[in-house]
Amino acid sequence: MIKFLDLQKINAQYAAELKQAAAEVIDKGWFLLGERVQTFERQYSDFIGVKNTVACANGLDALRLILRAYIELGFMREGDEVIVPANTYIATILAITDNRLKPVLVEPDIQTYNLDISLIEQAITPKTKAIMVVHLYGRTCWSSELEMLAQKYNLKIIEDNAQAVGATYLTSPPAPPHRGGGKSAKRTGSLGDAAGNSFYPGKNLGALGDSGAVTTNDDELAAVVRALANYGSLEKYVNKYQGLNSRMDEIQAAFLSVKLKYLEVENEIRRKIAGYYMENIKNEQIILPVPAEYKESHVQHLFVIRTKQRDKLQSYLAANDIQTLIHYPIPPHKQIAYAGWNNLSFPITEKIHKEVLSLPMSPVISLIDINNCIEIINKWKNR
Ligand SMILES: *Cc1c(COP(=O)(O)O)cnc(C)c1O
């Protein structure tokens with residue numbers, strides 16, 4: 001059986017260090033709002049290249065907290081609009097509606113599966129306050145046009161960086177090597193005004209449970225997010241906001257400090273595997289992902305192919321002991337939770353949801369398994 005993602009194997013690589021980290025937290029007996037979280041926040045800020053990381057309970061909360069903070073700061077209010085890709089995991093949209101803001105769904109680009117930036121301007125109204133970009137499947141979604149739009153209409157850009165921790169964007173042409181070439185790359189999570197990051201166990205930087213973080217260069221926003229995540233309080237028993245409880249556990253922070261050290265190596269392995277799939281999958285019925293353009297990057301959280309007979313391919317692979325998943329089978333606007341949108345039409349989004357299939361991808365999958373996968377996929381004939 002070739003597993004889609006072998007979490008046990010991923011964490012077994014670091015078992016000794018993870019157990020040590022857990023033991024230290026247990027021995028110390030301090031479980032929340034402590035130095036482990038502070039340390040991880042500093043390390044993550046350094047990694048992403050931002051002034052502030054505010055750890056929280058999960059990726060959905062990170063996004064909710066950002067929007068909530070903008071409301072508290074008076075930048076937006078109930079009923080304002082947030083532009084968001086129609087093709088995303090539902091958490092992105094939940095963060096918006098949870099704050100009684102209105103998601104304005106915009107179609108993705110069929111090549112990148114990311115928000116089609118050329119469609120944003122026509123969706124902007126006087127109520128638009130932010131654009132939420134999602135680096136879907138691990139691929140950077142950014143452009144100078146996006147920055148210009150945000151400036152022109154005074155919009156915040158919020159990144160959903162849940163799937164793309166470690167991805168980059170080249171902000172200027174790379175300098176020649178003797179002048180420190182490559183230094184102009186910025187990480188996703190540092191490109192916009194604020195970003196939501198997820199450390200859900202299956203994400204590229206996975207904790208051993210739920211956790212997430214807000215990253216931002218905006219000190220004021222960071223302070224409000226920090227208060228909101230702790231009952232609305234910055235000083236014990238003094239409450240400035242009607243907040244919530246969304247904190248990262250010390251033990252998860254300790255685990256994440258261990259795993260962050262290996263993230264770049266793991267992402268590099270993911271890229272190699274993706275490259276191998278790209279080179280060797282040869283089946284006319286299958287559409288491979290389009291490689292990231294040179295300014296963008298891809299951390300291959302998911303390796304997603306497309307085919308007209310997706311369900312048949314998935315059953316065929318299952319019959320051959322290959323686990324695959326669909327990201328995602330039902331688009332947000334077709335969910336029961338958003339019954340009011342069920343009649344809306346987003347043909348590109350719907351096409352993607354009908355045709356995508358995610359192949360096994362992780363930093364611990366063996367070359368033998370990948371080769372097996374490729375061989376079986378190449379033999380597939382859809383009749
Ligand atoms: C995983 C994910 C989230 C939510 O993160 P959690 O930590 O699971 O709450 C949000 N957006 C996207 C695109 C995700 O993949």
Side-chain angles (χ1 to χ4, degrees), residues 4-5 7 40 44 53-68 82-99 101 103 105-106 108 112-115 130-142 157-167 188-189 191-192 194-215 225 229 244-249 252-253 255-256 259-260 267 270 298-304 325-333 335 337-338 349 352-353 356 358 361-362:
F4 175 74
L5 175 73
L7 273 184
F40 174 69
Y44 198 67
T53 295
V54 183
C56 64
N58 55 65
L60 170 58
D61 276 5
L63 295 170
R64 287 168 70 201
L65 287 163
I66 292 166
L67 292 168
R68 184 89 174 258
V82 178
I83 289 172
V84 64
N87 178 52
T88 182
Y89 180 54
I90 198 156
T92 322
I93 316 269
L94 290 172
I96 300 169
T97 54
D98 179 70
N99 280 291
L101 297 163
L105 307 182
V106 170
T112 65
Y113 306 132
N114 275 334
L115 182 61
I131 304 167
M132 193 108 106
V133 296
V134 182
H135 308 295
L136 199 68
Y137 305 150
R139 178 181 175 138
T140 310
C141 176
W142 199 258
I157 307 180
I158 301 164
E159 301 171 72
D160 181 339
N161 196 34
Q163 300 190 358
V165 174
T188 58
L191 302 169
N197 302 261
S198 167
F199 311 122
Y200 173 81
K203 296 284 161 69
N204 286 30
L205 177 60
L208 277 61
D210 273 320
S211 52
V214 172
T215 47
V225 166
L244 47 139
N245 174 0
S246 178
R247 302 179 299 216
M248 183 189 285
D249 296 329
Q252 295 304 337
F255 292 146
L256 286 166
K259 293 194 71 183
L260 182 58
N267 281 348
R270 287 174 182 271
H298 204 313
V299 289
Q300 305 295 341
H301 172 57
L302 298 168
F303 188 85
V304 179
L325 289 177
I326 297 166
H327 297 91
Y328 298 90
I330 307 169
H333 72 279
Q335 296 285 355
Y338 293 117
T349 298
I352 290 169
H353 282 73
V356 287
S358 306
M361 167 58 79
S362 85

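Excluded from the calculations below are hydrogen atoms, water molecules and symmetry mates; all remaining heavy atoms, backbone and side chain alike, are included. Both ligands and their constituent atoms are indexed starting at 1 by order of listing.
- The two residues I158 and A130 have their closest heavy-atom pair at CD1-CB, 4.1 Å.
- Close approach of ligand 1 to A162 (heavy-atom distance below 4.0 Å) involves ligand atoms 2 (C), 3 (C), 10 (C), 11 (N), 12 (C), 14 (C), 15 (O).
- Of the polar atoms of Y89, none of the N or O atoms is found under 3.5 Å from an N or O of ligand 1, judged by distance alone.
- In this structure, D160 counts as a contact residue of ligand 1, since one of its heavy atoms falls inside 4.0 Å of the ligand.
- The aromatic rings of Y328 and H353 sit tilted, their planes meeting at an angle between 30° and 60°.
- Close N/O approach between F199 and ligand 1 is not found [any backbone or side-chain N/O within under 3.5 Å].
- Shown in contact with A91 at under 4.0 Å from a heavy atom are these atoms of ligand 1, numbered in order with element: 3 (C), 4 (C), 10 (C).
- With hydrogens and angles ignored, the 3.5 Å screen pairs a side-chain donor or acceptor of N114 with a backbone N or O of L136.
- Here the rule is side chain to side chain donor-acceptor pair (under 3.5 Å) with N197, and of T215, T53, D160 only T215 fits it.
- Side chain to side chain, H135 and T188 fail the donor-acceptor criterion of an N or O pair below 3.5 Å.
- No donor-acceptor pair under 3.5 Å is formed between the side chain of N87 and the backbone N or O of I352.
- Looking at atom 5 (O) of ligand 1, its nearest protein heavy atom turns out to be S198 OG, 3.3 Å.
- Counting the atoms of ligand 1 from 1 in the order shown, those under 4.0 Å from a heavy atom of L60 are 4 (C), 5 (O), 6 (P), 9 (O).
- Near N58, meaning under 4.0 Å from any of its heavy atoms, are these atoms of ligand 1: 7 (O), 9 (O).
- Within 6.0 Å of OH on Y89 lie no more than 12 heavy atoms contributed by other residues, nucleotides or ligands.
- With atom 1 (C) of ligand 1 as the reference point, the heavy atom nearest to it among K203, Q163, H135, H301 is part of K203.
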